[in-house]
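Data first, discussion second: the structure below is written as structure tokens.
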Amino acid sequence: MENVHYVRVADAVWDSFGDDPHIIMDWILFIHETQPDHEQLFALEETTSLYQLMSQIDIFIDQETHYNLGRAIVGEELIVNEEHAAIVGILPLPLLIISSEVMRNFDRQALEVIYQEAGRQGEFDEVWEQFGNLRAYFHQAEEAQDTILVYYV
């Protein structure tokens, strides 16, 4: 997994897509090329270590339902566009709230223990910085009650 991009989408914009994957993909490609709003956009580079760390964290919502925090990195699969070699995931508000809340409960020491127990080698500083940046971005999106589209090309 290389670069992952996140775009905050307000309800009115999301509703205007009408669940049409072509409109969603065209909009994402436009946003990716023009990058009009830096508060709306966020990108992580070289996310393999962060993804593997967050995949170690399972959230139990009830006795039968759980959510793996690694899904916050890639979203729930929405569109695969082979023509543009792009995959788009979605992180709807309920999953964003769960992810954001769980991420707020982890400090550096707790995450570093998980990182080491998962057998990860290398410097933890970059992973911690990525985690903190993603956590802040999720918090802003949660406060605005936005949906997040995740794409990687």
Side-chain angles (χ1 to χ4, degrees), residues 1-62 65-108 110-111 114-115 118 124 126-153:
M1 185 176 303
E2 296 176 12
N3 298 343
V4 179
H5 305 269
Y6 301 84
V7 181
R8 288 173 39 191
V9 182
D11 285 345
V13 174
W14 179 251
D15 291 343
S16 74
F17 295 153
D19 294 330
D20 185 329
H22 298 292
I23 294 173
I24 295 169
M25 184 57 70
D26 288 346
W27 184 79
I28 285 176
L29 292 172
F30 171 77
I31 293 294
H32 183 72
E33 290 172 11
T34 61
Q35 299 189 0
D37 182 353
H38 294 291
E39 287 187 19
Q40 180 185 18
L41 305 173
F42 180 71
L44 287 174
E45 296 179 4
E46 300 298 326
T47 58
T48 302
S49 293
L50 180 63
Y51 176 75
Q52 290 174 347
L53 169 70
M54 291 176 66
S55 292
Q56 300 299 312
I57 302 169
D58 277 320
I59 304 160
F60 291 90
I61 298 168
D62 59 36
T65 309
H66 79 281
Y67 177 70
N68 185 278
L69 196 56
R71 301 303 301 164
I73 298 286
V74 296
E76 301 298 322
E77 189 173 291
L78 183 63
I79 303 169
V80 176
N81 186 317
E82 294 176 10
E83 180 181 323
H84 294 287
I87 298 174
V88 178
I90 185 171
L91 197 58
L93 187 58
L95 291 180
L96 173 63
I97 291 169
I98 291 168
S99 299
S100 186
E101 184 176 323
V102 169
M103 290 174 78
R104 283 192 297 270
N105 289 318
F106 280 94
D107 62 9
R108 181 186 172 104
L111 275 183
I114 294 169
Y115 184 78
F124 182 72
E126 185 175 324
V127 173
W128 173 247
E129 183 178 343
Q130 285 182 324
F131 182 84
N133 292 339
L134 185 62
R135 178 172 52 188
Y137 180 77
F138 279 10
H139 181 69
Q140 290 171 339
E142 178 187 6
E143 285 185 335
Q145 297 188 346
D146 288 340
T147 294
I148 293 180
L149 292 179
V150 183
Y151 67 95
Y152 28 110
V153 292

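Computed over heavy atoms, backbone and side chain alike; hydrogens, waters and symmetry mates excluded.
Leu69 has its side chain within reach of Ile59: a pair of non-hydrogen atoms, C-beta onward, lies under 4.5 Å apart. Side-chain contact between Glu101 and Glu142 is absent, with no heavy atoms from C-beta onward closer than 4.5 Å.
Remark: of the listed residues Leu91, Leu44, Leu149, Leu44 is the sole one forming a side-chain contact (heavy atoms from CB on, under 4.5 Å) with Tyr6.
Between the side chain of Asn68 and the backbone N or O of Ser55 there is at least one donor-acceptor pair closer than 3.5 Å. No side-chain donor-acceptor contact under 3.5 Å links Glu45 to the backbone of Asn3.
Classified by interplanar angle (parallel below 30°, tilted 30° to 60°, perpendicular above 60°), the ring pair Tyr151/His5 is parallel.
Note: Tyr67 OH to Ile98 CD1 = 7.5 Å, rounded to the nearest 0.5 Å. With rounding to the nearest 0.5 angstrom, the CD1 atom of Ile148 is 4.5 Å from the CG atom of Leu96. To the nearest 0.5 Å, atoms CD (Gln140) and CZ (Arg8) are separated by 6.0 Å. From Ser99, atom OG reaches atom CZ of Arg104 across 10.5 Å, with rounding to the nearest 0.5 Å. Note that CD1 of Ile23 and CD1 of Ile28 are 12.5 Å apart. Values are rounded to the nearest 0.5 Å.
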Stepwise side chain to side chain contact (heavy atoms under 4.5 Å, CB included) check, Ile114 with Leu53: CA-CA 7 Å; Ile114 294 169; Leu53 169 70; 3.5 Å; yes
Step-by-step side chain to side chain contact (heavy atoms under 4.5 Å, CB included) determination, Gln145 to Asp11: CA-CA 8 Å; Gln145 297 188 346; Asp11 285 345; 5.7 Å; no
Working for side chain to side chain contact (heavy atoms under 4.5 Å, CB included), residues Phe106 and Ile57: CA-CA 11 Å; Phe106 280 94; Ile57 302 169; 3.8 Å; yes
Audit row: Met103, Leu134, side chain to side chain contact (heavy atoms under 4.5 Å, CB included) steps and yes/no: CA-CA 9 Å; Met103 290 174 78; Leu134 185 62; 4.0 Å; yes
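Contacts classified as side-chain hydrogen bond (donor to acceptor under 3.5 Å, both in side chains) and involving residues 129-138 (residues at least two apart or in different chains) are not found.
Smallest separation of non-hydrogen atoms from Phe60 and His66: CD2-CB, 3.6 Å. Across Asp107 and Ala110, no two heavy atoms sit closer than the pair OD1-N, 2.9 Å. Counting all heavy atoms, side chain and backbone alike, Ser49 lies closest to Val127 at CB-CG2, 3.6 Å. Minimum interatomic distance between Val4 and Ile73 (heavy atoms only, all atoms of both residues): CG1-O, 3.5 Å.
In this structure, the ring of Phe17 has its center less than 6.0 angstrom from the ring center of Trp14.
Take Gln52 and apply the side chain to side chain donor-acceptor pair (under 3.5 Å) test, not counting sequence neighbours, and it matches Arg120.
Within 6.0 Å of the CD atom in Glu76, the count of heavy atoms belonging to other residues, nucleotides or ligands exceeds 12.
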